[in-house]
Protein chains: 2
Amino acid sequence: MATERSGGGDPVRTLALLWRRPAEPKPVGRKPKVSVDQIVVAAIAVADREGLGAMSMARVAQELSVGTMSLYTHVPGKGELIDLMTDAVLQERDLTPAGTWRERIKHYADRTRAVYQAHPWMRDVSMVRPPLGPGLMDGQEFVLAALADSGLEPKQVTVAHVAVEGFVHGAASSEVDDRQLEETTGESSDSWWGARQVFWEDYFDVERYPTMTNLWNANAYHTETTIADNMRSGFDYGLEKLLDGIEGGMR
Amino acid sequence: MATERSGGGDPVRTLALLWRRPAEPKPVGRKPKVSVDQIVVAAIAVADREGLGAMSMARVAQELSVGTMSLYTHVPGKGELIDLMTDAVLQERDLTPAGTWRERIKHYADRTRAVYQAHPWMRDVSMVRPPLGPGLMDGQEFVLAALADSGLEPKQVTVAHVAVEGFVHGAASSEVDDRQLEETTGESSDSWWGARQVFWEDYFDVERYPTMTNLWNANAYHTETTIADNMRSGFDYGLEKLLDGIEGGMR
DNA sequence: TATTGTTTCCGTATGGCCTACGGAAATGGG
DNA sequence: CCCATTTCCGTAGGCCATACGGAAACAATA
């Protein structure tokens, strides 16, 4: 399945839901069996356990012992529900502003990474038209504040923000992608690569790929670490170097 | 829809397809109406025009005027077909090794970005268990060769490789995500943000978001550029700073 | 030409998805 | 008790991937 798109519906309705601005309470009429909060929590639970692909309206309704169509009374549709789920988990970051600007950005990266680890389906959510809720906005403010404190010019802050945000979400996505594949396919990454041993035997061409061959012979790939560890250190290194570059560019 | 997973089938069969190692020609039996190449080309055409979500086996078969199940004679399943599509478009990069190591990495980034622009559905393909075909391998060799020429130690080359590859694919994905949303939803990004004007009026809290307020007042967001241009310059800036950092880290 | 072995083609069937529609059921006030 | 209001939810339509197995096409042989 391709990436889930959200944020397509009526902005006024969706924003009111994201910020939980309640419609004035209804004095009459049938009592609701479920609330928006319950639906969001149940949907997150299903997606955490079985992936976003399994998070169908029917499945969430089942989780709540309610008919499928009842959900549509409280939530406009599936896209908006994903918006609500996304902002809810972003709020879990609970960012604490302390330390140098670099430390705060690393804190942001760590907390964001933790969200992705806890909710791997975040990998499948597009963030180019994000839910404009408190979870997203608080994160943006946090990163912008750190970058502003670094001494960058205002215009540079906004440019650097795009770069940092892109790197963090991209890195978190890739890491989680790996972990999620292990769960959904039931095959570990190491096993997957092992099953493709035949590639190196039958298809790898030493003449065509001299650099890879050299690196192999230099033992650059002979580590005790797992695939996941390699990705993690690659991204840690990348963020460090990106911040080095940003810092160095100011002089 | 969530991200498409591929590479799940029999590795031997999939590798033979990726490298077009033909089974020995069949002298007898019914003549095939379609070839693997035709199927891949048709699938890419459908995905280019209508997105990966619309690229169903039935839709591809229709494109070729063939029954749906006929495809399964030539391709094990949908996952493997996506592998073949992916490697095919990666081959379009046609990388030319010239210039300094930095210039070559930027060349790689540009060519990869061009592939994503031409085939926006690449955003929806997971690259953590990539198709081990010529398109992918040539790209890896190219980046590794550039990094090795930069003077990094072998072990550092492999770490930096993860960071660069992650950044480039992440950046290309985000850019294309934006473009693809414009096509599939029929609403431009500028229009989408415009429709959320109400957010700034009804929900934005100046006290809660002082940095954003300051940046706004400093005219940091008052540019003539589009969303897409902003993303592009953010990622160009980020790659530049990342390479600065890698270069600086060697001294 | 008729037969046989081999390969490809493809119709059917299963179980899932989202959500428009509209009637049934519950609730509080008069 | 009645009725306006609100929520609940069954049905129905049109998509998806692919297992299975028989029909059809083709080359070599008799």
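In what follows, chains carry the letters A, B, and so on, assigned in the order in which the sequence lines appear, proteins first and then strands, with residues in each chain numbered from 1.
Within 4.0 Å of A/Val34, counting heavy atoms only, lie sugar-phosphate atoms of the nucleic acid but no base atom. In this structure, A/Gly67 reaches the sugar-phosphate backbone alone: every heavy-atom distance under 4.0 Å involves primed, P, OP1 or OP2 atoms, never a base. Residue-level contact check: A/Ser70 touches the bases, meaning some heavy atom is under 4.0 Å from a base atom.
Between B/Glu175 and B/Arg113 a salt bridge is recorded (basic side-chain N to carboxylate O distance below 4.0 Å). Salt bridge annotation for B/Glu63-B/Arg59: present, with a cationic side-chain nitrogen under 4.0 angstrom from a carboxylate oxygen. Using a cut-off of 4.0 Å between Lys/Arg side-chain N and Asp/Glu carboxylate O, B/Arg93 and B/Asp138 are scored as not salt-bridged.
Across D/dT6, D/dA27, D/dC9, the shortest atom-to-atom separation from the side chain of B/Val28 is found for D/dA27. The B/Ala58 side chain lies nearest to D/dC16 when the options are D/dC16, D/dC8, C/dC17. Closest to the A/Tyr72 side chain, of the nucleotides D/dC16, C/dC18, D/dT11, is C/dC18. When distances are taken from the side chain of B/Lys78 to each of D/dT18, C/dC9, D/dC9, the shortest belongs to D/dT18. Closest contact between the side chain of B/Met69 and the listed nucleotides C/dT12, D/dT7, C/dT8 involves C/dT12.
For the pair B/Arg196 and B/Trp200, the cation does not sit on the ring face, since its NZ or CZ is not both under 6.0 Å from the ring centre and inside 45° of the axis. A cation-pi arrangement is not found for A/Arg179 relative to A/Tyr116, the charged atom failing to lie both closer than 6.0 Å to the ring centre and inside a 45° cone about the ring normal.
In this structure, B/Lys33 reaches the C/dC10 phosphate: one of its side-chain N or O atoms is under 4.0 Å from OP1 or OP2.
For the pair B/Gln38 CD and C/dT8 C1', the interatomic distance rounds to 14 Å; values are reported in whole Å. Computed from coordinates, the A/Arg30 CZ to C/dG29 C1' distance equals 19 Å when rounded to whole Å. The nearest whole Å value for the distance from the CE atom in A/Met57 to the C1' atom in D/dC8 is 14 Å. Taking atom CD1 of A/Ile82 as the reference point, atom C1' of C/dC17 lies 13 Å away to the nearest angstrom. One interatomic measurement links the two molecules: CD of A/Glu50 to P of C/dC17, which rounds to 10 Å at whole-angstrom precision. Across the protein-nucleic acid pair, A/Leu52 atom CG and C/dC17 atom C1' stand 13 Å apart, rounded to whole Å. A straight line from CG of B/Leu71 to P of C/dC9 spans 9 Å, rounded to a whole angstrom.
Ranked by how close their nearest DNA chain D nucleotide is to the 5' end, B/Met55 and B/Lys31 are led by B/Met55. The 5' end of DNA chain C is approached more closely, in terms of each residue's nearest nucleotide, by A/Arg59 than by the other of A/Arg59 and A/Pro76. Closest-nucleotide positions on DNA chain C for A/Thr68 and B/Gly29 were compared, and the one nearer the 5' end corresponds to B/Gly29.
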